[in-house]
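Structure first, commentary second.
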Amino acid sequence: MTEKKTALYEEHIKLKAKMVSFGGWLMPVQYEGIIKEHNFTRESAGLFDVSHMGELYIKGKDSLKFLESLVPQKISDLRQGRALYCQLTNDDGGIEDDMIVYNSFGIIEEADYLVVVNASRIEDDFSFIKNKSRNFDVEIINKSDEFSMLALQGPKAKYIIEKMGIEIKEQPEFFSFKKANLNNIPVFLMRSGYTGEDGFELLFKNEFASVLWTKTLSYEEVVPVGLGARDTLRLEAALPLYGHELNEYTTPVESSLGFFIPKDKKEDYSGKNIILSQKLKQTPLRRKLFAFMMEDKVIAREGYEVFLNNKSIGKVTSGAPSPTLGKNIGFCMIEFVGLDNELVSKLNNIEESIGICIQIMVRNKLYNAKIVKKPFIKKKYDK
Amino acid sequence: MNIPDGILCSKTHEWVLEEGNLVSVGLTDWAVEQLGDIVFVELPEVNSKFSKDEVFATIESVKAASEIYMPVAGEVVEVNENLINSPELINEDPFSSWLVKIKSEDFQQDSQGLLEYTDYRDEVQ
């Protein structure tokens, strides 16, 4: 299969980026070095090409009712111009994808709701959603090929956006978005990101990609950042990545996203029975996602086996060195089936689970790690 | 970066340099560039023996762990302890950052399939 290229492919090549295959796309993994890009984003600002992300438009008389049926979150509480982190769940409560839903009534003419989904899931999500829409008066359009997206992340991001024409007091609040002109280029300006920093995501037509990319990089406070640092940044902020922490067999509660599940949503949605009864602690969890930090110096990578008292209890889902902390960190999924009740009840209690010692098998040797509180670093959202 | 005379490279991106009766083994500049920031090095114990093409070390970049193969058979007589605390030295100068020094069993024989540096660069580019 040939990989797809974003509208900024030539720009990445010009900057001598190392390109890799990611979710069917040829994407920059790094420009000058992952650690440098990571630290620059935390201290100043980083610019990411995230054009591979997908955009779906949902419009029609039943658009609200339809979206309510797709996700555990309460879309009816989502005001115009606001965004919400949601999971697209299946009938078993598993996660088909995680996504951000924007209430775009009055902002985007052709969409009541804009849904931004993961690159690798665009086609699957589109057909999944389309299939579910049969009994609703609603239209779903895949706009992914028309749009490019940039993420500008870091403490200096708001000053850059100001220099590009939007005063700080005019900038959207956290998890809000608005139509804006940046250097006379029409964009949807969103206050969100995937790094744990304050920052923005800019959605705009492909034709403006090179101009906007080049203009934003012309400020000395900004460097281009590849997928390598995007991964270490999101991991430090303990943000899950689909296909690693999240999958179609594991519910949002088991994926430690219980915080995002309302207990009192009236409308039915796919997998509601199991998700809600897990949330209300009426049904035991089959497994659960935990954040860990290595005590020993080694790096635990995805797929490595996790042990407790010499018994295999799960696997690492993501692992990397944390440039900010100078420690090796990660997520692991612990399987509860076959564990004794006392341990399961300890793992089910967030406070009690912190500090539990686990071991991770690295190249046939066991190394010590500890379950820790999420996130690994303090998030710096401008709320 | 200084490329020592007489260096030979393997297709799996290790370099060897015969110095007296010892052979230094390291990672090529090309491999290091591909890996990016090196953050962890796991080296073998002194006196351990490896056959040709056997994994003897692991190098981790931010993104991934890579196994390093022994280009010529031999016994480890020295490991570069500096790299344990400062793995970034490999990024700074791959050819002075040897990983191990070994006593080779049959350097003439084992090094036959290895390439001169210029031929190696030609091959990987």
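From a predicted model like this one, the values you see are computed outputs, not experimental measurements. Naming convention: chains lettered A, B, ... in sequence-line order (proteins, then strands); numbering from 1 in each chain.
The ring of His52(A) has its center closer than 6.0 angstrom to the ring center of Phe22(A).
Proximity to chain A (any heavy atom under 4.5 Å) is restricted, for Thr58(B), to the side chain, taken from C-beta onward. Using a 4.5 Å cut-off between heavy atoms, Glu67(B) makes no contact with chain A at all. In this structure, the portions of Val298(A) lying under 4.5 Å from any heavy atom of chain B include both its backbone and its side chain. Using a 4.5 Å cut-off between heavy atoms, Val62(B) contacts chain A through both its backbone and its side chain.
Residue-environment remark: NZ (Lys379(A)) exceeds the threshold of 12 foreign heavy atoms within 6.0 Å. Around CD of Glu116(B), the count of heavy atoms belonging to other residues, nucleotides or ligands within 6.0 Å does not exceed 12.
Heavy-atom neighbours of chain A within the stretch residues 91-106 of chain B, taken at a separation under 4.5 angstrom, are nonexistent.
Per-residue counts of heavy-atom pairs under 4.5 Å with chain B were compared for Arg363(A), His38(A), Gln30(A), Lys18(A); the largest is that of Arg363(A).
Across all their heavy atoms, Pro44(B) and Val79(B) have their closest contact at O-CG1, 3.2 Å. The two atoms that bring Phe376(A) and Leu235(A) nearest to each other are CD1-O, 3.1 Å, heavy atoms only. Closest approach of Gly226(A) to Tyr31(A), counting heavy atoms only: N-CE1, 3.5 Å.
Counted by atom type alone, Asp37(B) and Ser61(B) present zero donor-acceptor pairs between their side chains at under 3.5 Å.
Side-chain contact check for Phe48(A) versus Thr41(A): some heavy-atom pair is nearer than 4.5 Å.
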